Amino acid sequence: GNDSDNDDCTSTCDNNVCGDGLVNLLNNAEACDDVSESAGCNADCTLAICGDGIINEAANEECDDSGESRVCNSNCRISECGDAIINTTRGEECDNEVESALCNADCSVRECGDGYTNTAAGEECDDDNTINTDACTNDCQNATCGDGIIHENVEECDDDNTDETDTCSSSCQATYCGDGII
């Protein structure tokens, strides 16, 4: 017997239920009622908010774990390395969509010696160690004759040049009297 649609009984004397398109405000029973799920209203007549634990497809939510999880970003999109969202729960340290000078393609912070060759940072190699005399130097460059570092099992000497007239040849072998090098 009332003209209101905002309580348990509608103005047409029907029970006010979720999904009828009428918002029942009595005792905060419904926050919204869009007949079916919409971008602003969940199917249970609660407001659709990312992080409410309800996947609302009308709001383009792919997931909703009530916050960031290993599978779900805090924006209710599936989490994956390369999505430009740092998801610390899944162990991401950075996420630039693509490899950059600061971030590896596996979403770890780029550091020479991390075992990942990051070409965007100018690395030629990364052998995951701090041995400067092997095939990959500590600045993640390929070992070369003339770089001033004697590389194990390859060079006898390396005097930081390729001059043939000193004690170390351009092939990083020691020169001696009678070796044919002038």
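By convention here, the first residue in the shown sequence is residue 1. Just so it is clear, the structure is predicted and the values come from calculations on it, not from any experiment.
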Next on the checklist: I'd like to know if the two cysteines, Cys140 and Cys112, have SG atoms within less than 2.5 Å.
Outcome noted: yes

Checklist entry - Are there more than 12 heavy atoms of other residues, nucleotides or ligands under 6.0 Å from atom CG of Asp128? => result yes

Checklist entry - side-chain hydrogen bond (donor to acceptor under 3.5 Å, both in side chains) with Asp33: which residues, sequence neighbours excluded? => result none

Checklist entry - Are Asn73 and Ser79 linked by a side-chain donor-acceptor pair shorter than 3.5 Å? => result yes

Item to check | Exam field: side chain Glu30 to backbone Cys18, donor-acceptor pair closer than 3.5 Å | outcome: yes

Item to check | Derivation of the side chain to side chain contact (heavy atoms under 4.5 Å, CB included) call for Gln141 and Asp147 | outcome: CA-CA 10 Å; Gln141 300 301 305; Asp147 62 10; over 6 Å; no

Item to check | Chi angles and distances behind the side-chain hydrogen bond (donor to acceptor under 3.5 Å, both in side chains) call for Glu123, Thr117 | outcome: CA-CA 6 Å; Glu123 293 182 351; Thr117 302; 5.1 Å; no

Checklist entry - If only atom types and distance count, is the side chain of Asp126 paired as donor or acceptor with the main-chain N or O of Asp114 below 3.5 Å? => result yes

Next on the checklist: Tell me yes or no: SG of Cys63 and SG of Cys76, less than 2.5 Å apart?
Outcome noted: no

Checklist entry - Are the two sulfur (SG) atoms of Cys157 and Cys172 closer than 2.5 Å? => result no

Checklist entry - Is a side-chain N or O of Asn56 found less than 3.5 angstrom from the main chain of Ile49, in a donor-acceptor match? => result no

Item to check | Check SG atoms, Cys107 and Cys81, less than 2.5 Å apart | outcome: yes

Item to check | Interatomic distance, Asp64 atom CG to Glu57 atom CD [nearest 0.5 angstrom] | outcome: 12.0 Å

